[in-house]
Trainee: 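Quick one: this structure, given as structure tokens, is what I'll be asking you about.
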Amino acid sequence: MSYVSEVMERVIAKNPGEPEFHQAVKEVLDSLALVIDAHEDEFRKISLLERLTEPERIVSFRVPWVDDQGNVQVNKGYRVQFNSAIGPYKGGLRFHPSVNQSILKFLGFEQVFKNSLTGLPIGGGKGGSDFDPKGKSDREVMAFCQSFMTELCKYIGADQDVPAGDIGVGGREIGFLYGQYKRIKGLYEGVLTGKGLTYGGSLARTQATGYGLVYITEEMLKHAGQSLNGKTVVISGSGNVAIYATEKAQELGAKVVALNDSNGYIYDAEGIKLDVVKEIKEVRRGRIREYADAVAGSVYTEGKGIWNIACDVALPCATQNELNLEDAKKLISQGCTCVAEGANMPSTREATDYFLEKKILFMPGKAANAGGVATSALEMSQNSQRLSWSFEEVDEKLKNIMIGIYAKVSSAASRYGAEGNFVAGANIAGFEKVAEAMKAQGIV
Ligand code: NDP
Ligand code: 2IT
């Protein structure tokens, strides 16, 4: 059996009940077969793949807090410190009822390759909780965040592990988490990114994931002799990534016609009015259905179905496995020729394979959404220098990083005879730097 297949079997046997983790590892290992098979002995001798697929450390802890009725609630908290070969652990915190160890391990594993692709010195990690911020008062969210950080602060630090936001963790949560870290540790340091602008945050971090996604999409289209200008775009989600992807796509002349949340989707043939969405989601923390009440001519449909809307470009920006094979077939049958993933692993493996088989332009999440973490690394640099760069400076750096990622991904694919296969390209290019660093640092 090949080394890659052996390691895949080991991962399945040693990590039972973790389907998302298996899915993420399998996709990467399938791509790496192109690199590893020719030099199996070299990698086998140092058990490189066994080490790459085993997190350096997972911390899990109890998070007790008191709700507004005076009841004691208990949640699970985690931090997966996956790989520190190229820098301190870096990656977001997710607060969502679906969070479990499998989901955080898949996200931490993806983060290792994504962070490597940015070209910046950041290792991979992820954390979070099964806490659901939806419907909670600000005081309840603060109580939860303070309890979560009281445990987490023992394991993180500006040169050790630097968390940020993800689903359910935005500016409000980062503020509460930062306050508690500072209070306990007595350190005013860049231990979190996505901070507010008054206490060490970076301009353009809020926009970075969505803007970066659109920059790399435009770059991919450019190499195919096209551009976003005049294209019809469908974007899933209506959170941080979806909102700023919509903003930048519109700036580049695209017409974004749909957005969703976990309840349903809105369709606006005239193009989404983003100020209405921002008011609903960023100010009122409401539901996307409220858009249809506010904008005449738009339609709200309950449930799934956003991928049934015809478009040229699809940008899934909600969550893992939100786009399946049936959706992929529907998208392509209606003329979609370009998909770029704002979310982490939003396409199922079958959907990804279908996109590759049909040879549409397809950019996987670990390349396409790397602008968020890249700008987090820029926030870390500013904190270390005790300086703040202008919006334009950060945005320009972000754009160049995304163009650089496209070049790395596309050239790695070509080097291994998989021209246009950006899944293979991203996995291989991300792996090369991490593998090199792991080899140099010995058996650790
Ligand atoms: P937000 O919490 O701001 O928004 C998440 C959006 O996705 C909401 O519209 C939410 O709907 C929807 N969603 C979440 N879970 C589900 C689900 N199980 N089913 C259907 N819809 C769901 O998160 P972000 O925008 O920050 O994150 C979106 C994606 O982008 C995630 O995959 C995240 O990992 C990824 N990402 C985020 C980065 C960042 O910088 N924030 C960086 C790179 C990737 P509802 O409100 O109904 O739950
Ligand atoms: O998935 C991701 O890359 C993020 N949620 C952002 C991580 C970060 O450290 O900015």
Side-chain angles (χ1 to χ4, degrees), residues 20 87-99 103-104 106-115 117-118 120 122-128 132-135 156 161-174 190-195 201-202 204-213 235-246 259-266 277 280-282 285-289 303-304 306 315-323 340-347 364-380 398:
E20 294 86 2
Y89 310 105
K90 182 84 198 84
L93 296 172
R94 179 177 290 192
F95 292 170
H96 191 272
S98 64
V99 162
I103 289 179
L104 295 180
F106 117 65
L107 289 163
F109 184 72
E110 292 278 292
Q111 199 82 44
V112 173
F113 302 90
K114 180 197 306 194
N115 293 4
L117 284 172
T118 66
L120 300 167
I122 39 178
K126 201 83 189 191
D132 186 359
K134 245 178 247 149
I156 62 176
D161 183 353
V162 183
D166 192 81
I167 291 175
V169 178
R172 174 183 61 172
E173 290 74 19
I174 293 291
V191 68
L192 293 168
T193 58
K195 298 185 291 300
S202 172
R205 175 61 188 92
T206 303
Q207 292 82 358
T209 311
Y211 279 22
L213 169 67
I235 300 183
S236 65
S238 46
N240 173 265
V241 181
I243 286 174
Y244 292 97
T246 302
L259 289 174
N260 73 359
D261 62 20
S262 56
N263 294 112
Y265 63 94
I266 46 156
V277 176
I280 295 169
K281 289 290 175 182
E282 295 186 334
R285 297 181 188 274
R287 307 308 301 160
I288 203 67
R289 82 169 79 84
K304 293 182 187 298
I306 193 168
L315 304 176
C317 296
T319 193
Q320 65 275 357
N321 293 326
E322 56 163 310
L323 194 167
E341 298 183 327
N344 286 303
M345 207 169 73
S347 309
K366 61 172 78 67
N369 69 40
V373 76
T375 306
S376 278
L378 300 178
E379 182 172 329
M380 289 166 72
L398 167 65

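Reckoned from all heavy atoms, side chains included, excluding hydrogens, waters and symmetry mates. In listed order, ligands and their atoms are each counted from 1. One is the number of the first residue; the rest follow in order along the sequence.
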Trainee: With distance as the sole test, does Asp161 use its side chain to make a donor-acceptor pair with the main-chain N or O of Ile156 at under 3.5 Å?
Mentor: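 No, the answer is negative, given that no donor and acceptor are paired below the 3.5 Å cut-off.
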Trainee: For Arg287, state whether at least one heavy atom is located under 4.0 Å from any atom of ligand 1.
Mentor: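 For ligand 1, residue contact (heavy atoms, under 4.0 Å) with Arg287 is present.
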Trainee: Just need the protein heavy atom nearest to atom 9 (O) of ligand 1, so name the residue and atom and give the distance.
Mentor: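 For this ligand atom, the closest protein heavy atom is Ser238 N, 2.9 Å.
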Trainee: Once rounded to the nearest 0.5 Å, what's the spacing between atom NZ of Lys126 and atom CZ of Phe109?
Mentor: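 Here the rounded value is 14.5 Å.
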Trainee: Return the residue, atom name and 0.1 Å-rounded distance of the protein heavy atom closest to atom 18 (N) of ligand 1.
Mentor: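 Ranking protein heavy atoms by distance from atom 18 (N) of ligand 1, first comes Thr319 CG2, 3.7 Å.
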Trainee: How long is the straight-line distance from CG of Leu259 back to OG of Ser238, given to the nearest 0.5 Å?
Mentor: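 Between Ser238 OG and Leu259 CG, I get 6.5 Å after rounding to 0.5 Å.
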Trainee: Is the shortest N/O to N/O distance between Gln320 and ligand 1 below 3.5 Å?
Mentor: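 So ligand 1 has no N or O lying under 3.5 Å from an N or O of Gln320.
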Trainee: Report yes if some N/O of Asn369 lies less than 3.5 Å from some N/O of ligand 1; otherwise report no.
Mentor: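 No, Asn369 has no N/O under 3.5 Å of an N/O on ligand 1.
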Trainee: Please list, in number order, the atoms of ligand 1 under 4.0 Å from a heavy atom of Gly237.
Mentor: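 In order of numbering, the contacting atoms are 9 (O).
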Trainee: Could you tell me the separation between the CD atom of Glu322 and the OG atom of Ser347, rounded to the nearest 0.5 Å?
Mentor: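 Answer for the CD-OG pair, Glu322 versus Ser347, is 7.5 Å.
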Trainee: Ligand 1 and Gly168, any nitrogen or oxygen pair closer than 3.5 angstrom?
Mentor: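 N/O-N/O distance below 3.5 Å exists for this pair.
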Trainee: Compute the minimum heavy-atom distance from Ser98 to ligand 1 and say whether it is under 4.0 Å.
Mentor: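 No, Ser98 has no heavy atom closer than 4.0 Å to ligand 1.
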Trainee: Take Tyr244 and Asn240, measure what side chain to side chain contact (heavy atoms under 4.5 Å, CB included) needs, and give me the verdict at the end.
Mentor: CA-CA 6 Å; Tyr244 292 97; Asn240 173 265; 4.1 Å; yes
Trainee: Before giving the answer on side chain to side chain contact (heavy atoms under 4.5 Å, CB included), spell out for Lys366 and Gln111 the whole-Å C-alpha distance, their side-chain angles and the decisive distance to 0.1 Å.
Mentor: CA-CA 7 Å; Lys366 61 172 78 67; Gln111 199 82 44; over 6 Å; no
Trainee: What atoms of ligand 1 come within less than 4.0 Å of a heavy atom belonging to Arg94?
Mentor: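 Numbered from 1, ligand 1 contributes 31 (C), 32 (O), 33 (C), 34 (O).
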Trainee: With only distance considered, is Lys126 within less than 3.5 Å of ligand 1 through an N or O on each side?
Mentor: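 No, Lys126 has no N/O under 3.5 Å of an N/O on ligand 1.
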Trainee: Looking at Ala343, which atoms of ligand 1 are within less than 4.0 Å of one of its heavy atoms?
Mentor: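 Once the distances to Ala343 are compared, the set is 29 (C), 30 (O), 32 (O), 35 (C).
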Trainee: Are the side chain of Thr209 and the backbone of Gly371 linked by a donor-acceptor contact shorter than 3.5 Å?
Mentor: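 A pair under 3.5 Å: no.
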Trainee: Tell me, which protein residue and heavy-atom name are nearest atom 23 (O) of ligand 1, and how many Å apart are they?
Mentor: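 Result for atom 23 (O) of ligand 1: Ile167 CA, 3.5 Å.
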Trainee: Can you pull the residues with any heavy atom under 4.0 Å from ligand 2?
Mentor: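 Lining ligand 2 at under 4.0 Å, by heavy atoms, one finds Lys90, Gly91, Gly92, Gln111, Lys114, Lys126, Ala164, Gly165, Asp166, Arg205, Asn344, Gly372, Val373, Ser376.
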Trainee: Apply side chain to side chain contact (heavy atoms under 4.5 Å, CB included) to the pair Glu110 and Gln320, showing each step before the final yes or no.
Mentor: CA-CA 12 Å; Glu110 292 278 292; Gln320 65 275 357; over 6 Å; no
Trainee: Could you name the option among Asn260, Asn240, Val169 that has the heavy atom nearest to atom 26 (O) of ligand 1?
Mentor: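 Ranked by closest heavy atom to atom 26 (O) of ligand 1, first place is Asn240.
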Trainee: Is it true that a side-chain atom of Asp261 and a backbone atom of Ile288 form a donor plus acceptor pair closer than 3.5 Å?
Mentor: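 Checking the backbone N and O of Ile288 against the side chain of Asp261, a donor-acceptor pair under 3.5 Å is found.
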Trainee: Would you say the side-chain atoms of Asn260 pair up with the backbone N or O of Gly237, donor to acceptor, closer than 3.5 Å?
Mentor: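 Checking the backbone N and O of Gly237 against the side chain of Asn260, a donor-acceptor pair under 3.5 Å is found.
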Trainee: Nearest non-hydrogen contact with atom 32 (O) of ligand 1 belongs to which option: Asn263, Ile243, Asn344?
Mentor: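 Checking each option, the heavy atom nearest atom 32 (O) of ligand 1 is found in Asn344.
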Trainee: Nearest protein heavy atom to atom 33 (C) of ligand 1, by residue and atom, and its distance?
Mentor: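 That would be Asp166 OD1, 3.2 Å.
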Trainee: First locate atom CD1 of Ile174, then atom OG1 of Thr193, and finally report the distance between them rounded to the nearest 0.5 Å.
Mentor: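 Ile174 atom CD1 to Thr193 atom OG1 measures 6.5 Å (nearest 0.5 Å).
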Trainee: Measure from the side-chain N and O atoms of Glu341 to the backbone N and O of Gly365, and report whether any donor-acceptor pair falls under 3.5 Å.
Mentor: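 Pair found, side chain donor or acceptor close to backbone of Gly365.
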Trainee: Does ligand 1 have an atom under 4.0 Å from some heavy atom of Lys134?
Mentor: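 In this structure, Lys134 qualifies as a contact of ligand 1 - some heavy atom is under 4.0 Å.
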Trainee: Quick one: does ligand 1 sit under 4.0 Å from the side chain of Ala164, the backbone, both or neither, non-hydrogen atoms only?
Mentor: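 Answer for Ala164: neither.
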Trainee: Give the atom numbers and elements of ligand 1 that come within less than 4.0 Å of a heavy atom of Gly342.
Mentor: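 Counting atoms of ligand 1 from 1, those under 4.0 Å from Gly342 are 30 (O), 35 (C), 36 (N), 44 (C).
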Trainee: On a heavy-atom basis, I'd like to know which of Gly365, Ala368, Gly239 is closest to atom 4 (O) of ligand 1.
Mentor: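 It is Gly239 whose heavy atom sits nearest to atom 4 (O) of ligand 1.
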Trainee: Specify the protein heavy atom at minimum distance from atom 29 (C) of ligand 1: its residue, its atom name, and the distance to 0.1 Å.
Mentor: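 Here the nearest protein heavy atom works out to Ala318 O, 3.2 Å.
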Trainee: Determine, using heavy atoms of Gly170 and all atoms of ligand 1, whether some pair is separated by less than 4.0 Å.
Mentor: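 Contact check Gly170 vs ligand 1: negative.
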Trainee: Between Glu379 (side chain only) and Gly194 (backbone N and O only), is there a donor and an acceptor less than 3.5 Å apart?
Mentor: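 It does hold such a pair.
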Trainee: Looking at Lys134 and Ser262, what are the two nearest heavy atoms and their distance?
Mentor: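 Distance-wise, the nearest heavy atoms are NZ-OG, 4.0 Å.
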Trainee: What distance separates Arg94 CZ from Leu104 CG, expressed to the nearest 0.5 Å?
Mentor: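 With rounding to 0.5 Å, CZ (Arg94) is 7.5 Å from CG (Leu104).
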Trainee: Any heavy atom of Arg205 sitting closer than 4.0 Å to ligand 1?
Mentor: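 Contact present.
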Trainee: Give me the atom names and distance for the closest heavy-atom approach of Ser236 to Pro316.
Mentor: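 Answer, listing the atom of Ser236 first, then Pro316: OG-CA, 3.1 Å.
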Trainee: Under 4.0 Å from a heavy atom of Ser262: give me the atoms of ligand 1 that qualify, with their elements.
Mentor: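 Result: 11 (O), 19 (N), 20 (C), 21 (N), 45 (P), 47 (O), 48 (O).
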Trainee: Do Lys90 side-chain atoms and Val162 backbone N/O form a donor-acceptor pair below 3.5 Å?
Mentor: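 Pair found, side chain donor or acceptor close to backbone of Val162.
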Trainee: As an exercise, identify every atom of ligand 1 less than 4.0 angstrom from a heavy atom of Cys317.
Mentor: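 Those qualifying, in numeric order: 28 (C), 29 (C).
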Trainee: Which is it for Ile167 and Thr319 under the side chain to side chain contact (heavy atoms under 4.5 Å, CB included) test, yes or no, and what are the steps along the way?
Mentor: CA-CA 8 Å; Ile167 291 175; Thr319 193; 3.8 Å; yes
Trainee: Quick one: closest heavy-atom pair of Pro133 and Gly168, and the distance?
Mentor: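 The answer is CG-O, 3.6 Å.
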Trainee: Any idea which protein heavy atom is nearest atom 39 (C) of ligand 1, and the distance to it?
Mentor: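 Sorting protein heavy atoms by distance from atom 39 (C) of ligand 1 puts Thr209 OG1, 3.3 Å first.
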Trainee: I'd like to know if atom 20 (C) of ligand 1 has any protein heavy atom within a distance of less than 4.0 Å.
Mentor: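 Neighbour list for atom 20 (C) of ligand 1 includes protein heavy atoms (cut-off 4.0 Å).
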Trainee: Quick one: CE on Met345 to CG on Asn321, what's the gap to the nearest 0.5 Å?
Mentor: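 CG of Asn321 is found 5.0 Å from CE of Met345.
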Trainee: Give me the nearest non-hydrogen protein atom to atom 25 (O) of ligand 1 as residue plus atom name, then the distance to 0.1 Å.
Mentor: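 Going by distance alone, atom 25 (O) of ligand 1 is nearest to Val241 N, 2.9 Å.
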Trainee: Looking only at heavy atoms, is any part of Glu173 under 4.0 Å from ligand 1, and if so is it the side chain, the backbone, or both, or is it neither?
Mentor: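 Near ligand 1, Glu173 shows nothing, with every heavy atom at 4.0 Å or more.
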